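Both backbone and side-chain heavy atoms feed into the values below; hydrogens, waters and symmetry mates do not. Just so it is clear, the model here is predicted, and its values are computed rather than measured.
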Amino acid sequence: MKKNYLLLVFTFILSCSTDDIKTDFTAENEKEIIDYLTANNLTAQKSSSGLHYIINEPGTGGQPDANSDVSVNYKGFFTNGTVFDENNNGPISFNLREVIAGWTEGIPLFKEGGSGILLVPSHLAYGHQGRGNIPGGAVLIFEVELISIN
């Protein structure tokens, strides 16, 4: 009986995988975003998906949709201020279907020439897995400027 119990426990432990790691960071991400906004005296709007955004300059040109090719300037950082990515050599161009969901949803909020901040919860970015130097469950903040619709 003791061997069967140990075998059962051992089997259970082996059946647990990294997929069993907490994957829903919604509540923590929301709190982290609200704390960041409060600490920095910022007011943001929130979409139904959980994306928070601040439009500093709406822009005056055309407005992209989720399928558009666009060129942007951006800086990406964590809520602690650590920069994880930015373009330093002029605008980067891409299709909005090829980026994180937070950008696919957020960039079309601006017209050409517009700028602002996207506060992206992990489920609209890299989820619980993370990517490269971005840990799983991370809130990402982007200062973005929509240069053009290509």
Rounded to the nearest 0.5 Å, what separates atom [atom1] in [X] from atom [atom2] in [Y]?
X: Ile107; Y: Ser68; atom1: CD1; atom2: OG; result: 11.0 Å
X: Asn67; Y: Arg97; atom1: CG; atom2: CZ; result: 5.0 Å
X: Leu51; Y: Gln45; atom1: CG; atom2: CD; result: 10.5 Å
X: Asn87; Y: Lys75; atom1: CG; atom2: NZ; result: 11.5 Å
X: Asn73; Y: Asn88; atom1: CG; atom2: CG; result: 9.5 Å
X: Phe110; Y: Asn56; atom1: CZ; atom2: CG; result: 7.5 Å

Quiz prompt | Asn29 side chain vs Gly137 backbone, donor-acceptor pair below 3.5 Å | solution =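 Confirmed, Asn29 side chain pairs with Gly137 backbone.
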
Quiz item: Just by modelled atom types, is the Gly76 backbone N or O under 3.5 Å from a matching donor or acceptor in the Asp85 side chain?
Solution: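 Between the backbone of Gly76 and the side chain of Asp85 there is no qualifying donor-acceptor contact (under 3.5 Å).
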
Do you know the tightest heavy-atom contact between [X] and [Y]?
X: Ser71; Y: Pro91; answer: CB-CB, 4.1 Å
X: Tyr126; Y: Ile134; answer: CE1-CD1, 3.6 Å
X: Pro64; Y: Leu96; answer: CB-CD1, 4.3 Å
X: Ile54; Y: Ala44; answer: CG1-CB, 3.6 Å
X: Tyr74; Y: Ile92; answer: CE2-CD1, 3.3 Å
X: Ser49; Y: Leu124; answer: OG-CD1, 3.4 Å

Practice problem: For the pair Leu37 and Thr43, evaluate side-chain contact (heavy atoms from CB on, under 4.5 Å) and give the outcome as yes or no after the intermediate values. | Solution: CA-CA 7 Å; Leu37 291 169; Thr43 302; over 6 Å; no

Exercise. Might you work through the side-chain contact (heavy atoms from CB on, under 4.5 Å) test for Thr104 and Val99, ending with a clear yes or no?
Key: CA-CA 7 Å; Thr104 302; Val99 293; 3.7 Å; yes

A side-chain contact here means heavy atoms from C-beta on lying under 4.5 Å apart; do [X] and [Y] qualify?
X: Trp103; Y: Val72; value: yes
X: His52; Y: Ile34; value: yes
X: Asp69; Y: Phe94; value: no
X: Glu57; Y: Ser115; value: yes

[X], [Y]: one ILVMFWY side-chain cluster at the under-4.5 Å cut-off?
X: Ile55; Y: Leu140; value: yes
X: Val83; Y: Val139; value: yes
X: Phe77; Y: Val120; value: no
X: Val144; Y: Ile147; value: no
X: Leu146; Y: Leu119; value: no

Exercise. Please lay out, stage by stage, how Lys46 and Glu30 fare under the test side-chain contact (heavy atoms from CB on, under 4.5 Å).
Key: CA-CA 10 Å; Lys46 181 182 175 186; Glu30 183 67 14; 3.4 Å; yes

Exercise. Report yes if the distance between the aromatic ring centroids of Tyr53 and Phe142 is under 6.0 Å, otherwise no.
Key: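 That pair fails the under 6.0 Å test.
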
Quiz prompt | Pair Asp35, Thr38: side-chain N/O donor-acceptor within cut-off below 3.5 Å | solution =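 Short answer, no.
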
Quiz item: How far apart are the C-alpha atoms of His123 and Phe25, what are their side-chain angles, what is the distance that settles it, and do they pass the side-chain contact (heavy atoms from CB on, under 4.5 Å) test?
Solution: CA-CA 8 Å; His123 73 274; Phe25 292 92; over 6 Å; no

Practice problem: Let me know which of Asn40, Ile117, Ile33 forms a side chain to side chain contact (heavy atoms under 4.5 Å, CB included) with Ile141. | Solution: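 The residue from Asn40, Ile117, Ile33 that satisfies side chain to side chain contact (heavy atoms under 4.5 Å, CB included) with Ile141 turns out to be Ile117.
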
